[in-house]
Amino acid sequence: MELYQYEKEHAAAVRELAAECTVLLKKDGRFPLASPGRIALYGSGARRTVKGGTGSGEVNSRYFVNVEQGLENAGFTITTKAWLDAYDRKADEARRLFVKEIRARARAKHVLAVMEGMGAVMPEPEYELPLDGAGDTAVYVLARISGEGADRRPVKGDVLLTDTEVRDILSLNRKYANFMLVLNVGGPVDLSPVKDVKNILILSQLGVETGNTLADLLLGRSCPSGKLTTTWAAWEDYPSVGSFGEINETRYKEGVFVGYRWFDSIGRQPLFSFGFGLGYTEFETSADGADEKSVLVTVRNTGRYPGKETVQLYIAPPCGGLPKPRRMLTTFAKTGLLQPGEAETLRLPYDLKDAASYDEGLAAFILEAGDYTVLLNDRPAVTLRLPETVVVRQLKNLLGKPDFTDWKPEAAHPLPAAATVLTLEPDSIPDETVSYVCVPSVEPEIVELSDKDLAKLTIGAFHSGGGIAGMIGNEAVSVAGAAGETAHVRQLPYLVMADGPAGLRISPDYTKDEKGVHAVGATLPDSFLEFLGGPARLLMKLVFRPKKGGKELLHQYCTAIPIGTAVAQSWNTALAERLGDIVGDEMERFGVRLWLAPALNIHRSILCGRNFEYFSEDPLISGKFAAAITRGVQKHPGCGTTVKHFAANNQEYNRTGSNSQVSERALREIYLRGFEICIRESSPCALMTSYNLLNGVHTAERRDLCVDVLRCEWGYRGIVMTDWVMQQVPSEKGGIHRNSLSDQVAAAGGSLFMPGSGDDWKRVLKAMKAGSLTRRQLEENASCVLRMARELTDAAARQ
Ligand code: BGC
């Protein structure tokens with residue numbers, strides 16, 4: 001297989017960048033290895049390595065290097081081929097039974113097996129195989145996979161380790177002089193039974209070159225320098241005050257106390273904290289000076305290996321009247337590669353306003369009077385003393401009320417002030433005012449359109465007539481295997497959209513004729529195909545085979561990049577921008593205008609099946625990484641990102657019909673904040689609303705969210721599109737809430753209803769006729785779509 005030049009370049013870049021996304025949790029100094037030699041390789045991810053999760057984020061890359069191949073490519077001799085073959089047989093059998101069980105469940109419920117199996121995690125099987133690989137070096141690769149449509153479960157073989165895994169890992173840790181546990185996972189597993197293992201590396205899921213990247217790390221050709229962006233704790237230590245996975249109502253009772261904010265507030269030490277990560281080498285970090293705007297930090301490599309270090313600034317707010325997290329991340333930076341003995345000085349600017357709390361009583365962000373201590377990692381660097389409370393942004397309470405009041409910690413944990421205390425003038429903190437009047441303009445061509453054409457522009461192109469293929473994957477006609485596109489109305493420009501976030505998801509092989517492009521090979525994710533029955537699979541094969549008549553087989557090969565969580569674990573926004581750049585380059589090549597990524601929902605619970613696509617439990621990390629990736633993509637003329645899923649979409653169970661009940665405060669400080677940062681810093685071309693309801697109303701149907709917050713408060717100008725709503729899936733698991741409706745979405749100011757169907761279009765026309773939707777509103781929505789389509793199409797054409 002000869003790769004194209006761009007593929008080689010992208011793969012080489014991904015291989016190098018991915019190393020920085022890995023997190024070393026434990027070390028005993030025996031790694032990196034001096035040279036490749038004999039190695040005993042075990043574990044579910046050794047050969048069946050996972051490159052990324054399942055669902056719409058599954059990228060169809062041309063090849064994939066698993067761990068076994070990666071180690072062999074690097075010159076290792078694997079001494080456990082018999083173990084790997086035997087494990088394959090066990091796993092194949094377990095998979096066969098699992099698929100059978102899903103099909104039986106689906107039959108009993110009268111639903112499609114694809115829907116029942118979507119994202120479902122097959123728990124790892126238990127087995128007994130001899131651990132007899134020769135040599136004194138062993139690596140155990142533990143893999144987990146999850147995906148769209150289902151959540152993870154706190155059971156053995158998913159969040160918990162199986163008895164087999166615990167037994168084998170502990171025994172290998174004793175047996176081999178050099179032993180490393182490698183975690184090929186998209187999110188936390190409960191490591192309590194194996195926490196004392198000598199070396200533990202979160203490899204994560206790194207896309208196309210995952211195996212080669214691990215080999216580079218084991219040999220010290222690159223160094224792990226990632227840090228956790230989500231707390232890794234024993235399962236029972238995670239917060240359980242709010243509900244998760246309820247069919248109808250999901251109550252976010254923990255309020256703003258999400259992730260480390262929760263662990264800090266109850267004084268519980270997790271196994272591995274947010275922000276934690278070792279390197280092969282050691283660093284000393286010191287504050288060389290601090291004022292009310294920045295901290296000067298010097299990082300010195302005091303160890304034996306080269307390495308990069310992350311510096312984190314937190315603000316610890318005063319206790320005050322509103323219950324507050326003990327500390328909040330406010331800035332971070334990463335050094336370049338430091339050789340042993342080398343030092344780097346970084347200036348980290350910060351903004352006290354980032355520590356403001358939302359006061360629902362005042363409907364405003366405020367800084368309460370008291371001491372704000374800036375922490376460099378965990379040490380006080382400077383304290384800012386605010387003599388009186390200041391309003392920094394007056395807003396409105398817009399987003400509805402949950403049926404509970406937020407949980408609050410029993411006791412506050414104030415931190416001692418730093419040695420340097422600076423008293424602030426309250427007047428020196430500027431406040432921001434918001435005008436809630438914003439009147440969008442209408443394009444002249446739009447005014448001239450008939451009602452029918454106007455409505456079409458605001459509904460996806462609905463070529464396939466609906467169905468599961470449209471929900472994920474194949475609703476576009478201009479680019480094979482792209483997720484969707486806008487309607488072709490008269491000669492107006494249109495937009496083609498393809499999924500992510502772990503690369504560009506389109507069909508690798510296709511043919512072209514006068515009717516358009518035709519994907520070859522089903523474009524449904526592999527994880528879906530296996531749940532189709534024999535006849536359906538045969539049909540897929542027939543439909544998606546190369547058409548007769550000697551049509552040339554064409555290709556659009558894309559690069560699978562690391563999953564979202566891994567990218568954020570680098571704590572390196574320049575790295576994220578570079579990955580965005582790779583995706584942007586491939587979008588340009590294949591004519592994709594909007595990438596349906598990045599995804600930046602908060603890791604509220606480690607059980608969310610799509611967490612691997614998302615960045616972190618922290619909104620600052622989420623916003624900064626989404627912005628960096630957006631900058632990377634949007635550097636390319638004619639290419640834009642679609643940030644998703646807006647908002648409070650933190651579980652997969654009954655995702656189209658679950659109602660996230662969240663307080664205005666938690667929304668503004670946690671769940672909306674990442675989107676706000678990303679929008680203000682990088683102006684993404686599009687935004688995708690989420691499937692779920694928010695405090696009783698679908699997010700896509702909330703004018704207060706889609707217009708007042710997005711456009712008036714944040715100044716957002718891009719497209720607001722829905723997630724891929726399928727009306728024939730009433731409410732996925734039979735809950736009480738319906739799906740979003742096209743006329744309601746249009747009335748709420750949503751620009752585009754995706755992927756669209758004839759019924760969605762007719763519903764809009766009917767609403768216009770009945771007067772519940774004005775033509776003017778639809779003109780505004782369509783103008784937004786047209787403006788973006790024109791801007792991106794013209795920019796691409798100028799290239
Ligand atoms: C997912 C989106 C995705 C869309 C198009 C939906 O099911 O939730 O994230 O972009 O499908 O494939």
Side-chain angles (χ1 to χ4, degrees), residues 52-60 112 114-115 117-119 146-151 460-464 466-476 479-486 495-507 519 522-525 527-528 563-564 583 587 592-601 608-614 626 640-658 675 684-692 698-700 719-729 731-732 739-740 752-757:
T54 60
S56 59
E58 231 172 295
V59 171
N60 307 309
L112 292 174
V114 177
M115 297 306 285
M118 194 195 281
S146 71
E148 180 171 351
D151 290 311
F462 59 91
H463 300 288
S464 77
I468 185 77
M471 178 140 102
I472 291 174
N474 198 18
E475 194 62 26
V479 175
E485 70 189 64
T486 57
L495 291 163
V496 178
M497 306 150 195
D499 263 308
L504 189 62
R505 184 184 148 68
I506 49 181
S507 177
T523 51
L524 280 180
S527 57
F528 288 25
I563 56 169
V583 174
M587 289 170 72
V592 175
R593 301 273 74 89
L594 287 177
W595 187 39
L596 302 176
L600 62 149
N601 295 94
C608 175
R610 288 184 89 171
N611 273 359
F612 69 94
E613 297 186 47
Y614 309 149
T641 61
T642 309
V643 293
K644 68 186 187 185
H645 310 89
F646 189 64
N649 181 187
N650 306 92
Q651 75 178 40
E652 285 301 288
Y653 186 61
N654 193 27
R655 60 188 176 149
T656 60
S658 78
F675 286 95
C685 293
L687 168 142
M688 185 190 286
T689 50
S690 52
Y691 280 132
N692 57 285
H698 275 288
T699 54
I719 289 176
V720 178
M721 72 173 80
T722 64
D723 199 343
W724 266 226
V725 183
M726 298 275 122
Q727 293 305 345
Q728 70 269 39
V729 185
S731 169
E732 251 165 53
N739 285 353
S740 324
L752 197 51
F753 192 86
M754 291 302 294
S757 72

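Indexing begins at 1, ligand by ligand and atom by atom, following the structure's order. In this text the structure is predicted, and so the values were computed from the model without any measurement.
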Is the shortest heavy-atom distance from the side chain of Leu596 to the side chain of Trp724 under 4.5 Å? yes
Got Ile719 and Leu495 here, is their nearest side-chain heavy-atom distance under 4.5 Å? yes
Checking side chain to side chain donor-acceptor pair (under 3.5 Å) for the pair Ser56/Arg610: CA distance, chi angles, key distance, verdict? CA-CA 10 Å; Ser56 59; Arg610 288 184 89 171; 3.2 Å; yes
With atoms numbered from 1 as shown, which atoms in ligand 1 lie under 4.0 angstrom from a non-hydrogen atom of [X]?
{"X": "Lys644", "answer": "2 (C), 3 (C), 9 (O), 10 (O)"}
{"X": "Arg655", "answer": "7 (O), 8 (O)"}
{"X": "Met688", "answer": "10 (O)"}

Among Leu596, Thr656, Asp723, which residue places a heavy atom closest to atom 2 (C) of ligand 1? Asp723
Those residues at least two apart in sequence (or on a different chain) that pass side chain to side chain contact (heavy atoms under 4.5 Å, CB included) with Asn649 are Asn601, Tyr614, His645, Glu652, Ser690, Asn692
Are any of the N or O atoms of Arg610 closer than 3.5 Å to those of ligand 1? yes
Quick one: salt bridge (Lys or Arg N to Asp or Glu O under 4.0 Å) partners of Arg593, sequence neighbours excluded? none
Quick one: does Arg505 get within less than 4.0 Å of ligand 1, heavy atoms only? no
Quick one: does His645 get within less than 4.0 Å of ligand 1, heavy atoms only? yes
With heavy atoms only and a cut-off of under 4.0 Å, state how Met497 meets ligand 1: side chain, backbone, both or neither. neither
CG-CE distance between Asp723 and Met726, expressed to the nearest 0.5 angstrom: 9.5 Å
